[in-house]
Amino acid sequence: MEMLVPTIISALLMGMLFALVALGLAIIFGVMNIVNFAHGEFLMVGMYTAFLTATVFSIEPLLTLPIAAMVGFLLGIASYYFLVRYLLKGPMLAQLLGTFGLMIFLRYLAMCIFGPDYKTLEQGVLIGKSIKWGSVVLSYPRLGTAVLSLIAFGIIYWLINRTRLGKALQATALDVEAASYMGIDTERMRGLAWGLGGATMGIAGALLTNFYYVFPTIGILFCMIAFATVALGGFGSIKGAFIAGLIMGLIIDLGGTYIGPHHKFALVYLTYFLVVVFRPQGLFGW
Amino acid sequence: MPLLEIIDLTKDFGGVAANNHISLEIERGEIIGLIGPNGAGKTTLFNCIVGYHKPNQGAIRFKGKDITGLKPFQTNREGIGRTFQIMSISGDLTVLENVMVGSFCKTSDRRTARQEASEIMNLTGLEQDAEARLTELPVATQKRVGLAMALATKPELLMLDEVASGLNPRETEEMVALLKNIYVVKGLTLFLTEHVMEVVMPISQRIIVLDGGQKIAEGRPQDIANNERVIRAYLGEKYAKGRRDRGSI
Amino acid sequence: RAQGQEVKIGVIYPLSGPVAHAGNMSKDAVSLCADYVNNKWPDLPIPIGNWEGIPGLNGAKIKLIFADHRGEPDRGADLAKKLIIDEKVVGICGCYHSSVTKTVSTVCERHKIPMINPESTSPVLTKRGYQWFFRATPHDRIFVRDFFEFLGLLHQGKVPGVKAVPKSELRTIGACTENTEWGAGTRDVIKEFAKQYGYEIVSDVTYPHESPDLTAEVRRLLAPKPDILMFASYISDAILLTKTMKEFKAKAKVFWSQDVGFYQPKYIETFGNDTEGILNRTVFSKKLFAVKPVAKNINVEFKKRSGVDFMGTSARAFTGMQAWAYVLNEAGSTDPEAIRKTAETIEIPGKDLIVPWKGIKFEDVGGETNQNTWSSGLIVQYQAQEPEIIYPLDVATAKFVYPWPGLK
Amino acid sequence: MLKVEEIEVRYSGVPVIHDVSFHVNGGELISIVGANGSGKTTVLKTVAGTLHPTKGSMEFENEDISASTTVEIVRKGITYVPEERRIFGPLSVEENLKLGAYIVNDREEMEKSLDYVYGLFPILKTRWKQLGGTLSGGEQQMLAIGRGLMSRPKLLMLDEPSLGLMPKLVDEMLEAVATLKKEGNTILLVEQNVREALEMADRGYVLQTGRTIHEGTGQELLETDIVKRAFLGL
Amino acid sequence: MRTLRDAFSFGDLPLVERIGFAIFIMFCTLFPWVTKGSFDQAVMIQFLIFCLYGLGWNLIGGYGGQVALGQAKNVGMSAYTVALLMVWWDIPFWLSTPLGVVVATIESFVLGYFLFRLRGHYFAIATIAVSLVWQQLFINWDLIGGARGVELPLKETPNFLYMQFASPIYYHYFAFLLVLAAILYMNWFRKSRLGYQLRSITSNEEVAESLGINAHWVKVKAYCITGVFAGMGGAFYTVYYNYIDPFSVMHLELSVMIALMTMIGGAGSMWGPIIGAMILIPLDRYLGAWLGGSGIIGVDFMIYALMVMIISAYEPKGIWGIIEKVRARR
Ligand SMILES: Nc1ncnc2c1ncn2[C@@H]1O[C@H](COP(=O)(O)OP(=O)(O)OP(=O)(O)O)[C@@H](O)[C@H]1O
Ligand SMILES: Nc1ncnc2c1ncn2[C@@H]1O[C@H](COP(=O)(O)OP(=O)(O)OP(=O)(O)O)[C@@H](O)[C@H]1O
Ligand SMILES: [Mg+2]
Ligand SMILES: [Mg+2]
């Protein structure tokens, strides 16, 4: 029992990271009904960007956030204009596998450039620091990630639900053709959605480098969890992604601590499966 | 024993009763028209009978058997066929293949299915379009394909949801002729809902009127056309006047 | 077969994919060894430097043919067939992953082609009664047993620098192993010996390789406050584990890890002085140079080529290829049967090797076949970021630092 | 105002519109009639910019629009109310209407349009919070037209506004179109209620398998054989 | 009888296709005799295994339009059954394989029953999730070897009962027979009631239901058949490589590879999976063998990824779609 409180706290922190990683996927899905297999690779690109800028210019890793967001944004837009635009015309299978191709491509491009090694950052305000109150351990990088995750969710939620641009995004999501009759530049909206998705992943990546290693195949680890998270929350629902992220964090940490760490992923996917079997549209989907 | 019997059927969607205590009977061999304002609950009633919706209350009997709550494929096997208001079929099945899928409902032999499908396509005037894909066809032809597919399952009761919407007067007449022909050749019972009076009035033997989810009138076409309540809620003064002017029906 | 000027050996390693780094180190090491055999190296203090080809085969040069299995057992098997039948190699060397070594050795067994495995440590490999499979490295049972024996010495006060540690002070074990073939096998052995030597495993954590988060694992591992922490991890997980333990400010008396992830330049580079006091099982350490000049000599060349010092895996790969050269030389033939016969009887003296073994002798003992019984492990401890040897005591280069200072 | 000359339009390589020409003057109500599948919708979509002619030219207010995108065309002042209505189901009536005024940046302007539309279709005002998808067919149709009017277009294209409506609503809808015209809007109307549509229209065109075969005032066309036989079934 | 005739009759296909099929059969039959290389032979067998997987997957993923990304679990179920029966009780291949297939099929049935309550992306992701659960369970299940996998004991001499041979020819012909059977089945299937119903569901499920099709049941049925194919493939894989572990037979990448291959070739057409395997497998193996040792890490993957992207963007119907287009133009 004495482990319960610290576990829940760290689970929620972890959950906010998962939520942040899922956010980009939720945006992209929300606007165009396509699951992005290369999602994790966007994260990887964000991580490498942060890693490189931090080491080459020897600056504080947190300062790389805007750069990583920018790179993620551009990568998202490029993916849309060079690939996804065409994929959207095809069936779901081709869409999924097309983004799978993108994933393999980015992954091995990184491998070519950076080699298969693991890279970590050792210097930074947050890195390696934590406070410990009794049995509660709060690590700074995780805390920072959680705070930024909250902010990112706030911004995106506001953007989509409260602004004209958000309405245009929603309209594009609901019916591209009708949206175009309204004079909405749907191509731009979709590109923008990918850009936003990429940017959130850039941010997530930059934060992650504060307590995680970077290597070319890191994407898939987070991608699968992001998939389950977004689907659990209900595709396209920003709120759903957030809550599902927290749930994922709780399952992983509580399940890992009390049931056994080796079952934690099985538990996550099992939960997802059980939830959707009884609620096929996810928790907050329509 | 009536072919189809609906007893006190209620269906509500989150507080809105789309069908409110509806009871009706259809005899074998009848042609029944179902009319009512937009949103009156006609499609909902169809969907309840066929099984896409589960009624909240009430019972549906077909040939004396309770079919309430059966799934669409089960009601189809019981002998109820239906067409769709809007049918969007993607994929690479040709018209012939689509109709064959219908035939496969009652046989598992490919040759028989094919045979039957071609017969039905001849009946519905689709000979030319056997190899076409549905999306390439004009709406009027799509409606006939829908009809053919439903017919291929050899229903006893055929329910038609707006088969004539989007057709111009001439095409509407052709559709009426086709329906009459099918009715005679196949010996079906027809239950149709339509906003185009040029179809409903001449073809129906009896008309049922829904409004706000309730049955507000039932009777022969002439009576319905002159029913004040129906005119007010549904037909509109102009229709009533126009009818008097032209003196038809 | 392969008469004349060349004798081909097939080398299968993970040259791309997640563990490509280790595979490429091994590739460099075997290439270096082949280079020593094939060319004249007058300064090399061991015989192969003067061979200029394999003397027993009229100076035939070793030609290595590399293949990349990416960590996939089936790909490894297919490549083995390619090497054996298409390339007509006289034998196979590799494959790092125990899982791939399994399928590859099966292919060799079926085609009756000898295989010398330098580094796979799964105890099962030599328990299958295979006649064509030879393993040079000590396996996980030996390593783990060494460690428990070392603990015994610690209790008896025989380890220099530490007073006798009462058994009550070092009694509980927290084991944390990764989840693939290697980790699972190690875990079995740890459990077995812990029981045999009278220790209690208070937390037994296995985790998925390349996990995005190890908080729950670490929490569970540390919760019962074990005296001894034992790990088997690949590099990525080793890094994440250590980072997470650092967040928890982990403390214990002894921190023991199984080479691989915890014994790579990258690991030391990442954690710097936080590595202080961590124990590793291995077969190699730079500190050996003091007692093994030959290792020092070869390491210079190796570092020139690959940019890093020899570590456990690369040193064993080198040794494996050396064994191949000696076996071929003594067999004096490329006939597989002759090679196998020779391998079964060969005795390679320890002084010729860069690893601190008695030598290489493949024997059938204790239900195992063709295991190098002259091999042995080392236990090293990071002290000021250098892996100092502390066991076996006779080659120890430093005093044991006890207890482990913990992560701050 | 709009001048379409000899356009050809293809669906994945197959020509569907072979040779269509027509023009619309400011303030006119023009009807296009034709059998099912004759290409009326295709023509409207081409003007709206979702499809592009492979031959011929299209001019709007003396500017060439044959290669313009939908967005550009909407900005030039043409809106298209599609056959299938395409209401944004999960959005409210008012949100739908506001999206109609997406290209209008001025808030006041938009409020005015909103009042105008609510004035035209009072029922929408009473339903302003309801989700578009839960409206009845007729209400949806009114919403679609209202949404089309929100940007105060110079030219409004209506594709079968009476489709699927009950008789009473068909009358109301056609009256609403007549009102719109009276208020000075320019309208291009496609209708299956051939008689009513031509009676209301200033001029009309008859389409047959992708070609304009007749042009004239509404009354003139109603007198032609083809209209009588093929459409009215007289 | 009729069924058999349907299965063996290719009469309704255009001549070119029939010739293509004949060439394919000849090629596979003669292959072991014309090729010298054993790597070629190994790639060929790998190709046949993937053909089998792909032909089966095509049923649910191509004709059925359900993006199922969990084939690997069926492969694994059967592979494990065969391996464990052989290791524990020394049960010969010919007895354990039917059991393995049954296990894979039952698993498909039970899971399919629940999975098909989901649609579209939810379904796709749920299949991934389920197969990840299975993989995790198998990794941690000590009784069946866990992460250590299962290794079959080698028999002293070539052994038909246990399918252990030194020469790949036996494996080649056995795999080829399986593929042949699969092709015949697919040839029957595409003309059968089930085939039509499945394709109809793909077009529009609601309409299909109104035609008396129990969509859920038809999908589950198709999923089970897919499981049978995967199960046979898995059983064969086990005796062919003699070793399995949860990473090689239950991996997500295997599932994706199967789907990918089918799509590249042309999902929903009979030749699609074969063409896909014919392209991807040699590409993967030869490129890997050729570039793998060269030090340029990842170039082979990038070439492969580019191809995947280009095909899914420009011709989602795959190579077969291109062939059909060319044919339609002429
Ligand atoms: N799935 C649903 N969820 C919520 N409300 C629904 C649903 N389906 C129908 N309704 C509502 O039920 C009422 C009846 O709808 P229905 O489609 O049956 O009308 P209808 O008579 O067929 O109209 P129309 O002539 O326009 O087709 C409408 O108010 C509609 O908004
Ligand atoms: N997406 C498409 N692909 C191929 N052909 C199409 C497509 N859409 C329409 N067509 C064909 O183009 C022709 C013209 O269609 P269009 O929809 O413009 O006719 P319409 O006059 O509007 O008919 P309706 O009265 O049914 O609305 C028809 O023959 C139709 O089959
Ligand atoms: Mg309706
Ligand atoms: Mg139209």
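Order of the sequence lines fixes the chain letters, A, B, ..., with proteins taken first and strands second; residue numbering starts at 1 for each chain.
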Counting only heavy atoms closer than 4.5 Å, note whether [X] contacts chain E via side chain, backbone, both or neither.
X      : value
A/F105 : both
A/F227 : both
A/R85  : neither
A/I34  : backbone
A/F82  : neither
A/L96  : side chain
A/M103 : neither

Q: Tell me the residues of residues 65-74 of chain E whose non-hydrogen atoms fall below 4.5 Å from those of chain A, in number order.
A: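 So the qualifying residues are E/V67, E/L69.
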Q: Looking only at non-hydrogen atoms, find the nearest pair between E/S312 and A/L97 and report the distance.
A: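 So the minimum-distance heavy-atom pair works out to OG-C, 4.3 Å.
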Q | Where E/Y122 and A/A231 come nearest, the two heavy atoms and their spacing | A |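 Scanning both residues completely, I find the closest heavy atoms to be CE2-O, 3.5 Å.
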Q: Check whether any side-chain heavy atom of E/V130 lies under 4.5 Å from a side-chain heavy atom of A/Y269, and answer yes or no.
A: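 Result no, sub-4.5 Å side-chain heavy-atom pair not found.
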Q | For chain E, the option from A/G260, A/G98, A/G90, A/A228 that forms the most heavy-atom pairs under 4.5 Å | A |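 The answer is A/G98.
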